[in-house]
Amino acid sequence: MKLKTNYHSHSKFCDGKSTMQEMIESAIERGFTHFGVSSHAPFPFENDFAIQDGCFEAYKNEFFRLRDLYSKQIHLYLGLEMDYITDIIEDTDTPAKNYGLEYYIGSVHQVKEHNDSKDMWFIDGSKVETYDNGLRNLFDMDIKRAVHCYYESQIDMIRKNNPDVLGHCDKIIMHNKNRYFTQDEQWYKDEVVALFNEVKKKDIVVEVNTRGIYRKRAEDFYPSTYWLKYLVNHNVPLTISTDCHKEDETDMLYADAVNVLKQIGCKKLYYFEGVWKDAPIEDFC
C-alpha cells in the first residue's frame with residue numbers, strides 16, 4: 001500500500017492564497033492518497049487570518065461538495081487548526097465537536113501569561129519585529145520566561161483537551177534565529193522534554209512540519225531533527241505535513257521529510273482514516 005498524506009492545509013477561507021478546490025486538485029495531481037483541510041478556526045476577536053464569523057458553514061459545505069466530487073481519487077477529511085490562548089481560548093474540544101470535525105490540529109501562535117491583560121505575543125508571521133516587540137513589551141526581554149510561557153501553553157492545551165495533532169510544536173525558534181537562546185541550552189531542552197512528556201501521556205500525533213524550511217524562515221523542520229530523533233526513540237506517533245497555504249506547496253519537502261525520518265531510524269508514520277493508524281515508513285512516498 002502506497003501512502004502520501006497531509007492533514008495541515010489552508011485555503012482562502014482563512015489566510016491561504018488558493019481556493020479549497022485548488023488545494024485539493026493540487027493534492028490529487030501530486031499523488032496524495034489522504035488530505036485534510038484545516039483552516040484556522042474562528043477566533044473570538046477581530047483578525048485577518050482565521051475563518052471569519054458566519055463563514056464556517058460555507059467552509060463545511062464546500063468541503064463536502066469537494067469530497068463528493070473527488071471521492072474516487074482521494075480520501076478527504078474535515079478539520080481545523082485550533083488555537084489555544086491562555087485565558088482566551090482554553091477549550092478546543094467543545095467547538096471541535098460542535099463543528100462536526102473529523103480531526104483537529106492544536107497549535108499555539110499567540111502566547112499569553114495568566115493575567116488580566118489581553119495582550120499577546122505573536123510568535124508567527126513574516127515579521128521578526130513583531131516577535132521582538134512582543135518579547136520586549138510583554139516579557140521585558142526575559143526570553144526564558146517567554147519561552148516557558150510558550151511551552152506551558154502547549155502543555156495546558158494538551159492537559160485540558162485532546163487535539164489529534166500537535167502543530168509545529170517548537171515554532172518559537174523561527175524568529176529567534178539563535179539571537180536570544182540556542183537549542184543546546186539545557187533550560188531550553190528541559191522545556192521541550194516537559195512538553196513531550198505530556199504528549200506521550202495522551203499518545204498525541206506530532207506533525208513533522210516542513211513549512212519553515214521551504215518558506216526560508218527556518219533551517220530545519222518543526223520540530224527540529226534533534227527532537228525528531230528524541231520522538232522516534234520514545235515511540236511518539238509522527239505524521240508529515242506541509243502546512244500549505246498555496247496550491248504549489250501541498251507536497252513541498254514532503255519526500256525530504258520521509259528521507260530524514262528514515263535516516264534517523266523512524267520505522268512507521270501515522271495516517272488518519274477515520275481513526276489514526278500506522279504504516280511502515282517505506283509505504284510513504
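Heavy-atom contacts from other residues, nucleotides or ligands closer than 6.0 Å to CG of Asp53 number 12 or fewer. In this structure, Lys200 places its NZ atom where more than 12 heavy-atom neighbours from other residues, nucleotides or ligands lie under 6.0 Å away. A 6.0 Å sphere centred on NZ of Lys189 holds more than 12 heavy atoms belonging to other residues, nucleotides or ligands. Open room surrounds NZ on Lys229; 12 or fewer heavy atoms of other groups in view lie less than 6.0 Å from it. Around atom NZ of Lys2, more than 12 heavy atoms belonging to other residues, nucleotides or ligands sit under 6.0 Å away. The environment of NZ in Lys267 is sparse: at most 12 heavy-atom neighbours from other residues, nucleotides or ligands sit within 6.0 Å.
Put simply, the side chain of His40 reaches to within 4.5 Å of the side chain of His109, judged on heavy atoms. At a threshold of 4.5 Å between non-hydrogen side-chain atoms, the residues Tyr180 and Tyr131 count as touching. In this structure the side chain of Asp170 reaches within 4.5 angstrom of the side chain of Tyr188, judged on heavy atoms. Here the side chains of Glu62 and Gln21 are in contact, with some heavy-atom distance below 4.5 Å. Inter-residue side-chain proximity for Val111 and Leu138 is flagged as unmet; no heavy-atom pair is nearer than 4.5 Å. Side chains of Leu238 and Leu231 form a contact here, defined as non-hydrogen atoms less than 4.5 Å apart. Residues Tyr254 and Val208 fail the side-chain proximity criterion, which asks for heavy atoms closer than 4.5 Å. The shortest distance between side-chain heavy atoms of Asp248 and Arg30 falls below 4.5 Å.
Atoms CD and OG1, from Glu219 and Thr225 in turn, are 11.0 Å apart once rounded to the nearest 0.5 Å. Expressed to the nearest 0.5 Å, how far CG of Leu269 lies from CG of Leu261 amounts to 6.0 Å. To the nearest 0.5 Å, the span separating CD1 on Ile105 from CD1 on Ile204 amounts to 12.5 Å. In this structure, Asn197 CG and His234 NE2 are separated by 7.5 Å, a value rounded to the nearest 0.5 Å. To the nearest 0.5 Å, atom CG of residue Leu253 and atom CG of residue Asn259 are 11.0 Å apart. One distance of note links OG of Ser38 with CD of Glu102; it measures 12.5 Å at 0.5 Å rounding.
Judged by a 6.0 Å distance limit and a 45° cone about the ring axis, Lys277 is not positioned over the six-membered ring of Tyr271.
For Glu198, the side-chain contact (heavy atoms from CB on, under 4.5 Å) partners are Ile155, Ile158, Arg159, Lys201, not counting sequence neighbours.
The cluster map of Ile, Leu, Val, Met, Phe, Trp and Tyr, joined by side-chain heavy atoms under 4.5 Å apart, puts Met174 and Phe122 in different clusters. No chain of hydrophobic side-chain contacts below 4.5 Å, direct or via other Ile, Leu, Val, Met, Phe, Trp or Tyr residues, connects Val128 to Ile213.
Residue Trp121 comes nearest to Ala146 through the heavy atom pair CZ3-CB, 3.4 Å, listed as atom of the first residue, atom of the second, then distance. Here the closest non-hydrogen pair linking Val206 and Val199 is CG2-CG1, 3.8 Å. Contact detail for Asp132 and Arg179: the closest heavy-atom pair is OD1-NH2, 2.7 Å. Closest non-hydrogen pair, Cys169 versus Gln154, comes out as O-NE2, 3.0 Å. Shown here for His175 and Asp124, the closest heavy-atom pair between the two residues is NE2-O, 3.7 Å. Of all heavy-atom pairs between Thr210 and Ile240, the closest is CG2-CG2, 4.5 Å.
In summary, the side chains of Arg67 and Tyr70 do not present any donor paired with an acceptor at a separation below 3.5 Å, with no hydrogens or angles considered. For the 3.5 Å distance criterion, the side chains of Tyr222 and Glu207 fail to qualify, holding no donor opposite an acceptor. Counting only N and O atoms by type, the side chains of Asp243 and His10 include a donor and acceptor under 3.5 Å apart. Checking Ser107 against Glu81 by side-chain atom types alone, a donor-acceptor pair falls below 3.5 Å. Gln186 and Asp190 share a side-chain donor-acceptor pair at under 3.5 Å. Using a 3.5 Å distance cut-off with no hydrogens or angles, the side chains of Tyr59 and Gln52 do not pair a donor with an acceptor.
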Between Phe35 and His75, is a side chain to side chain contact (heavy atoms under 4.5 Å, CB included) present by the stated rule, with each step listed? CA-CA 6 Å; Phe35 192 76; His75 297 282; over 6 Å; no
Check against side chain to side chain contact (heavy atoms under 4.5 Å, CB included), Asp156 and His114: CA-CA 12 Å; Asp156 285 346; His114 283 292; 4.0 Å; yes
Does Glu273 form a side chain to side chain contact (heavy atoms under 4.5 Å, CB included) with Tyr77? I'd like the steps, not just the answer. CA-CA 8 Å; Glu273 208 170 62; Tyr77 299 97; 3.4 Å; yes
Show, in sequence, the C-alpha distance, side-chain angles and deciding distance for Thr5 and Thr33, and conclude whether the side chain to side chain contact (heavy atoms under 4.5 Å, CB included) test is met. CA-CA 6 Å; Thr5 69; Thr33 58; 4.1 Å; yes
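Aromatic pair Tyr104/Tyr99: centroids not less than 6.0 angstrom apart.
Remark: side-chain polar atoms of Lys202 are paired, donor with acceptor, to backbone N or O of Asn161 under 3.5 angstrom. In this structure a side-chain-to-backbone donor-acceptor pair under 3.5 Å is missing from Ser241 to His8. The backbone N or O of Glu113 sits nowhere less than 3.5 Å from a side-chain atom of Thr86 that would complete a donor-acceptor pair. Listed for the Glu249 side chain is a donor-acceptor partner under 3.5 Å among the backbone atoms of His245. Of the possible donor and acceptor atoms, one in the side chain of Tyr7 sits under 3.5 Å from a partner among the backbone N and O of Phe272. Between the side chain of Asn209 and the backbone N or O of Gly167, no donor-acceptor pair lies under 3.5 Å. Not a single donor-acceptor pair under 3.5 Å links the side chain of Asp283 to the backbone N or O of Leu3. Side chain of Thr242 to backbone of Met252: no donor-acceptor contact under 3.5 angstrom is found.
Under the 4.5 angstrom side-chain criterion for Ile, Leu, Val, Met, Phe, Trp and Tyr, the cluster partners of Ile89 are Phe43, Phe45, Phe49, Ile85, Ile88, Met120.
A side chain to side chain contact (heavy atoms under 4.5 Å, CB included) with Arg145 holds for exactly one of Asp142, Ile143, Val147; it is Asp142. The side chain to side chain contact (heavy atoms under 4.5 Å, CB included) test with Met23 singles out one residue from Leu66, Asn6, Thr250, Val37, and that residue is Thr250. Among the candidates Val258, Ile281, Val260, the single residue satisfying the side chain to side chain contact (heavy atoms under 4.5 Å, CB included) test with Cys266 is Ile281.
The existence of a salt bridge linking Lys12 and Glu22 is excluded, since no basic side-chain nitrogen approaches an acidic carboxylate oxygen closer than 4.0 Å.
Aromatic ring orientation, Tyr230 versus Trp227: perpendicular (interplanar angle above 60°, classes split at 30° and 60°).
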